[in-house]
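Taking it in order: structure first as C-alpha cells, then the write-up.
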There are 2 protein chains.
Amino acid sequence: MINGFTLSCPMPPLDFDVITLGHGSGGALTNQLLDSGVFTLLDNEFLHSRHDGAILDLSGKTAFTTDSFVISPIFFPGGNIGDLAVNGTINDLAMCGAKPRYISLGFILEEGLPVEELWEIIYTIKKATENAGVQVVTGDTKVVEKGKGDRIFVNTTGIGTVHPGAEIDAGRVTEGDAVIVSGTIANHGIAIMSQREGLSFETEVQSDTRSLASIIMKLLDEFGPEIHLLRDPTRGGVATVLNEIARQAKVGIEINENNIPIVPQVHGACEMLGLEPLYVANEGIFVGFVDAAHATDVVELLHGLPGSEDACIIGRVVDQHAGQVVMQSAIGGRRIIQMLPGEQLPRIC
Amino acid sequence: MINGFTLSCPMPPLDFDVITLGHGSGGALTNQLLDSGVFTLLDNEFLHSRHDGAILDLSGKTAFTTDSFVISPIFFPGGNIGDLAVNGTINDLAMCGAKPRYISLGFILEEGLPVEELWEIIYTIKKATENAGVQVVTGDTKVVEKGKGDRIFVNTTGIGTVHPGAEIDAGRVTEGDAVIVSGTIANHGIAIMSQREGLSFETEVQSDTRSLASIIMKLLDEFGPEIHLLRDPTRGGVATVLNEIARQAKVGIEINENNIPIVPQVHGACEMLGLEPLYVANEGIFVGFVDAAHATDVVELLHGLPGSEDACIIGRVVDQHAGQVVMQSAIGGRRIIQMLPGEQLPRIC
C-alpha cells in the first residue's frame, strides 16, 4: 500500500524512481521513459510505430469526443484517474450512440511523481481498454515543474463508430418520453468526497466508474431509434443533465423522487453532508430519453445487463413548464430542480 | 498591453473577470462560461449541438494524433499557447501525410486566470483553425485550484484524411535518401528562451509556429511516394528527430553543418547561451527524407511556398554507422550528434 494504492501488477526494475523534467524533454530521457516497462504495458502495432500519429481505417458516421481528467485524489475507492479517463471518454462516445474503438492518451505529469503511481495508472488504463475493447493508439507526455501541476492530469480523446440504429438527438426528445436512469446515483461523488473528508461507512462507497458501451450497444441493437437521447450525468449530476436537455429540447421534465435509485449509505452520506444527490457526480450511469411505449421493455433489458441492474424510470417529458425540471418529492410536494448553481466539489473528474 | 499581450479583438462585456472553480463544475457557471462571448468565438454546427461529442463523416485512411501544451510563458513573440496548440496538432497530422480536418480542444485552467487571457487564446485558436481550414468540433474545460496548475494547459487532438499519394513510413528510409529541412532552425526555442531570460536582439526572434499542412499537401500532390518520411522537430530539436529515425530505420545519417539554415541572431543567441541549435525546439519546420533523384526538385518546390522558402538539403542517409547521426562540422571535423541527453528548456511547448 503506497499513497493509497497497492500495485496491481509488479513493476519491472527501472533506473529512475520519480518523473523528472527531462522525461518531458522529447530527448533521450523521454525515450528512456517510453522504452521503460511503464509504457510497454500499452504496446500495440499503432504505438509501436512511434510516429507522431496513428493511421486508422474508418468509414461512415464517426463520433469524436475529448475529456481532460484532473481528479483529486488520483487513487480513490473503486478506481483511479486511469480507468476514470478511459471510461469517461468511452461513455461520451457511447452517449453519441457510438461503439468506442480508439483513444488517444495525453499525460501532464508533475515533476516528482513516483513512477510506481504512473505504472499503476497505466496498468489500470490497460485493463479498462481491454475490458471495453478499445485501443490506445497515440499519446503524448509532458512534464511540468513541481508546484505547477498536481501529480497527473490525463486527457483522453476517443473515436467510435456510430451504431447504424442510433438516432440520438436532443431534437427527438418529445412529450411523453420516459426518463430512465441506468443505475443508482451519486456513488462517484460520494466515494471521492468521503475519501477527501475522511468519512467512513460500514460498507465502503465506491466510485461507479465503468464502461457503458456494451450496455448502450445492446440497447441500440434492440430498440434503435426508440432511444431518443442519452447523456451521462457526470459533473453537475442528474439534475444538471436534465436541465440542459429541458432547455435544449424546449420541453418540461417531471421526475419522481421516490423512483430515483440510490444506495442507503450514499443517501445517508448526502444527508450528513447536506448534499442533494441529484447534483452529485456519477461516472457509470446514463440518463436515457426513450419512447414511452418501449420504456418498460428497455428497463427490463437493462436489468439483465451487468452494470445496469438497478435501472429505473424516474420521470417523463411533459408539455408544461418548458425548459424546467420539476420533482415530485418523497413527501408529496413539488419543486423546481435547477442546474447545479455553483461549485459542489472541485476536481471530481 | 496586459501581461505581455494586447487583445487582438475587443472582448464583449462579461459579468466575471477571472476563471473560478465553479466554471469547471459542469453546472450553471460552466454553462455561463460556454454561453459567454468567450466560447462563441469558436461556434459552429458541431459545437452548437452541445452534445458530449461530434459526429463526423469520415472514410478511408485517417490520421489521429494528440498533444498537450504546457508552454511557459503562454504569450511569447510570434504566438501564444492557442495557435501553438492548433498548429502543433495540425503539423503532427501533416507529418502522417494527412490533411487536417477536425480537432478537439481540452482546457485545464488555473483558478484566477484572467478571462481576457482566455479570450485572446481562443481568438488565436480561431484564427489558426481558419487559416488551416480545420474545425474545432468538440471540447472540454476543467478548472484546478490556484497553485495546482499554471494558468492554462491545452490539449488538442486531431483527425485528418491521409493523402492518397502518401506512403510515409520509417521503413521506407533508405541509403541515398536526401535529408531536407524546410526552414531555418531553432527559432521557437530561442524566442521562448529570450523571453524567459529577458534577452533582447536588434530584431526580435519570433517563434516559427505555423501550419505546415498546405506545404505538405502540395509536396504529396507533386511527389507522392518519393517522400519517404516526414517529422517535425519540436521538443529535442532536429538532432533528436534524426537520431530517432536513424534508430528506427536502422540507417546512418550524415549531415553537413554548413548546410543547416539558421538566422544570424538565432545563431548568435545559441552561441551566447552555449546551446547547440540542433537541439533547440522548432514549431514550424519539418525534416523530410526524400528519394535522392527528386531532392532538388522538392527543394525547388518548397522555395516557392510560403513558410518553406529557406528549405535546404542538409544531409543524406548512408550505409555506415547504422543508428547514428554524424555531422561534418563547419571547420571540417566530424562528430557524432546524440539525441538531446537531458532537459534543455522545460515547457517549450
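Just so we're on the same page: letters track the sequence lines, and every chain starts at 1. Values reported hereafter were calculated over all heavy atoms of this structure, with side chains retained and with hydrogens, waters and symmetry mates removed.
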Among [options], who wins on heavy-atom pairs under 4.5 Å with chain B?
{"options": "A/G22, A/G60, A/C349", "result": "A/G60"}
{"options": "A/T240, A/V144, A/V137", "result": "A/V144"}
{"options": "A/L29, A/L345, A/D67", "result": "A/D67"}
{"options": "A/I159, A/D169, A/T89, A/T30", "result": "A/I159"}
{"options": "A/T234, A/L58, A/D92, A/I348", "result": "A/L58"}

Heavy-atom distances under 4.5 Å only: say whether [X] touches chain A with side chain, backbone, both or neither.
{"X": "B/V241", "value": "neither"}
{"X": "B/N31", "value": "side chain"}
{"X": "B/L56", "value": "both"}
{"X": "B/T141", "value": "backbone"}
{"X": "B/I168", "value": "side chain"}
{"X": "B/Q338", "value": "neither"}
{"X": "B/I103", "value": "backbone"}
{"X": "B/A54", "value": "both"}

Could you check if a side-chain atom of [X] sits within less than 4.5 angstrom of a side-chain atom of [Y], using non-hydrogen atoms only?
{"X": "A/K61", "Y": "B/D57", "value": "yes"}
{"X": "A/V162", "Y": "B/I55", "value": "yes"}
{"X": "A/R347", "Y": "B/K142", "value": "no"}
{"X": "A/N155", "Y": "B/T157", "value": "yes"}

Identify the heavy atoms of [X] and [Y] that sit nearest to each other, and give their distance.
{"X": "B/L105", "Y": "A/T66", "answer": "O-CG2, 4.0 Å"}
{"X": "B/P341", "Y": "A/A28", "answer": "O-CB, 3.7 Å"}
{"X": "A/T65", "Y": "B/T138", "answer": "CA-CG2, 3.8 Å"}
{"X": "B/G24", "Y": "A/R235", "answer": "O-NH1, 2.9 Å"}
{"X": "A/L21", "Y": "B/P346", "answer": "CD1-CG, 3.9 Å"}

Task: Sidechain-backbone polar pair: A/D140 side chain, B/S68 backbone, donor-acceptor under 3.5 Å - done: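 Confirmed, A/D140 side chain pairs with B/S68 backbone.
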
Top of [options] for chain A proximity - count of heavy-atom pairs under 4.5 angstrom:
{"options": "B/G236, B/C96, B/A170, B/G171", "value": "B/C96"}
{"options": "B/G26, B/G158, B/G160", "value": "B/G26"}
{"options": "B/H23, B/E244, B/M339, B/K148", "value": "B/K148"}

Open item on the list: Can you tell me which portion of A/A63 sits under 4.5 Å from chain B's heavy atoms? Options are side chain, backbone, both or neither.
Closed with: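 It is both, since atoms from each part get that close.
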
- [ ] Measure up the A/F64 and B/F64 rings against each other and bin them: parallel (under 30°), tilted (30 to 60°), perpendicular (over 60°).
- [x]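 Correct class here is perpendicular.
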
Task: Between NE2 on residue A/H48 and CD on residue B/Q248, distance to nearest 0.5 Å - done: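 Answer for the NE2-CD pair, A/H48 versus B/Q248, is 9.0 Å.
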
